[in-house]
Amino acid sequence: MNQDVSEFLEKRLGRLHAKLRLAIEADHEAQVFGQGINYFHIENLKPSHFVIRACLRLTGLYGRGRRNAAQIEVNQNHIKSTRIPKAFDGYTILQLSDLHVDMSQDAMESLTTILRNISYDLCVLTGDYRGQTFGPYEATLAGMSRVCAEIEKPIYGVLGNHDTVRMLPGLEGMGIRMLLNESETIEIDHQPIHLAGIDDAHFYRADNIEKAASGIPDDEFSILLSHTPEIYQPAALAGFDLLLSGHTHGGQICLPGRIPITLGSVLPRYMGSGPWKYLDMIGYTSVGVGSSVVPVRFNCRPEITLHCLQSSI
């Protein structure tokens, strides 16, 4: 690994976090069975990519699936809470998730066009920028640079299970404030809300919700960014008001009626896409912009989401 990257990570994350994250990646990044929250990781089983693509070609569905994967929907989600300060009433957060920029080129072209025609106050990226789960990441950073050139700042982000921590210097160099078990306070007219983010919880298990939540007052509105919604229970118990996540792709290849064949996650199926609630916490699971394993979608179009905060004080 480049010495400059190593030094950056130690300075940015602390020596122990950087050392442990890099060691976990070295040992497990291509592992198919046994690592992470769920047991089987099809994204790491390369022959499956070829088999799925070949089957779709033989049935004549591959082209249709690729066209579906480029038809991005712009969805709006209204979040009402008495804990949202009056100054943030109408505040809009753009969420982009699971971009997989290097294997979702058609979707990225559609995305850049859409980004030029929408307005928002803040953008959050909920992980999985890379198409593969291991190997080179230069094409990912190049693709992310093109996307970020179209995004209005500020931009906050977290890493996903497809992302190496070695991408951190490049991502932050684009103006993305990456949150790895950290939080930031955003103020309007001296009224605050808090935005926290955790490192990947699904595969690398590098998340630390306690650390991310430390310093956030109990009586102030807080948002947690996590690539996966699988941490819904500790997030709610830690007092977060809103959890924004992705990872599931909504199933990506679904049966008619948007019924997912698999979500690749350990969680109640009602949390697999869109808005949901657990205890006092509101959640939203994005189906994502890009595609994984093969660049196709069926009965589950990609999305970007505009979350509009509404104060009900």
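Throughout, residue positions are numbered sequentially from 1 according to the sequence presented. Keep in mind that what you see is a predicted model, and the values were worked out from it rather than measured. Atoms considered below: every heavy atom in the structure, side chains included; atoms not considered: hydrogens, waters and symmetry mates.
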Co-membership, hydrophobic cluster, residues [X] and [Y], 4.5 Å side-chain:
{"X": "Leu225", "Y": "Ile198", "answer": "no"}
{"X": "Leu171", "Y": "Leu9", "answer": "yes"}
{"X": "Val158", "Y": "Leu13", "answer": "no"}
{"X": "Ile118", "Y": "Leu122", "answer": "no"}
{"X": "Tyr137", "Y": "Tyr129", "answer": "yes"}

Contact summary for [X] and [Y], nearest pair of heavy atoms:
{"X": "Leu22", "Y": "Arg166", "value": "CD2-CG, 3.9 Å"}
{"X": "Ala235", "Y": "Ile209", "value": "N-CD1, 3.9 Å"}
{"X": "His247", "Y": "Asn161", "value": "ND1-OD1, 3.2 Å"}
{"X": "Cys148", "Y": "Lys153", "value": "O-NZ, 4.4 Å"}
{"X": "Leu263", "Y": "Gly272", "value": "CD1-CA, 3.8 Å"}
{"X": "Ser110", "Y": "Ile72", "value": "CB-CD1, 3.9 Å"}

Parallel, tilted or perpendicular: which one describes the rings of Trp276 and Tyr232, with boundaries at 30° and 60°?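 Ring orientation of Trp276 relative to Tyr232: perpendicular.
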Side chain to side chain contact (heavy atoms under 4.5 Å, CB included) between Ile93 and Leu195: does it pass, once the steps are laid out? CA-CA 11 Å; Ile93 300 171; Leu195 182 65; 6.0 Å; no
Please confirm whether the backbone N or O of [Y] pairs with a side-chain atom of [X], one donor and one acceptor, at under 3.5 Å?
{"X": "Asp163", "Y": "Arg130", "result": "yes"}
{"X": "Tyr204", "Y": "Thr164", "result": "no"}
{"X": "Ser145", "Y": "Ala142", "result": "no"}
{"X": "Asp106", "Y": "Ala70", "result": "no"}

Does atom [atom1] of [X] have more than 12 heavy-atom neighbours, drawn from other residues, nucleotides or ligands, at distances under 6.0 Å?
{"X": "Arg116", "atom1": "CZ", "result": "yes"}
{"X": "Asp218", "atom1": "CG", "result": "no"}
{"X": "Gln71", "atom1": "CD", "result": "yes"}
{"X": "Lys11", "atom1": "NZ", "result": "no"}
{"X": "Arg64", "atom1": "CZ", "result": "no"}

Supply the atom-to-atom distance Gln233 CD to Leu267 CG, rounded to the nearest 0.5 angstrom.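 The distance works out to 12.0 Å.
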Donor on one side chain, acceptor on other, His17 and Asp199, under 3.5 Å: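 Yes, Asp199 and His17 have a side-chain donor paired with an acceptor closer than 3.5 Å.
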Just checking, any donor-acceptor pair under 3.5 angstrom between side chains of Thr126 and Gln95?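 Side-chain D/A pair, Thr126 to Gln95: present.
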Would you say [X] and [Y] make side-chain contact, with heavy atoms under 4.5 Å?
{"X": "Val287", "Y": "Arg297", "value": "yes"}
{"X": "Ser291", "Y": "Val296", "value": "no"}
{"X": "Cys308", "Y": "His78", "value": "yes"}
{"X": "Val289", "Y": "Glu303", "value": "no"}
{"X": "His100", "Y": "Asp128", "value": "yes"}

Report the C-alpha separation of Leu242 and His307 in whole Å, then their side-chain angles, then the decisive distance to 0.1 Å, and conclude whether the side chain to side chain contact (heavy atoms under 4.5 Å, CB included) test is met. CA-CA 11 Å; Leu242 174 64; His307 301 283; 5.7 Å; no
Does the Lys NZ or Arg CZ of Arg83 fall within the cation-pi geometry relative to Phe221 - under 6.0 Å from the ring centre and within 45° of the axis?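 Here Arg83 fails the 6.0 Å and 45° test against Phe221.
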Derivation and outcome, side chain to side chain contact (heavy atoms under 4.5 Å, CB included), residues Ile79 and Asp241: CA-CA 10 Å; Ile79 299 162; Asp241 298 288; over 6 Å; no
Is the ring centre of His202 less than 6.0 Å from the ring centre of His227?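 No, too far apart.
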Can you list the other members of the hydrophobic cluster that holds Leu58, where links are side-chain heavy atoms under 4.5 angstrom apart?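 Direct or chained contacts put Leu58 with none.
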Using links of under 4.5 Å between side-chain heavy atoms of ILVMFWY residues, direct or through other members, which residues join Leu16 in one cluster?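 Leu20, all in the cluster of Leu16.
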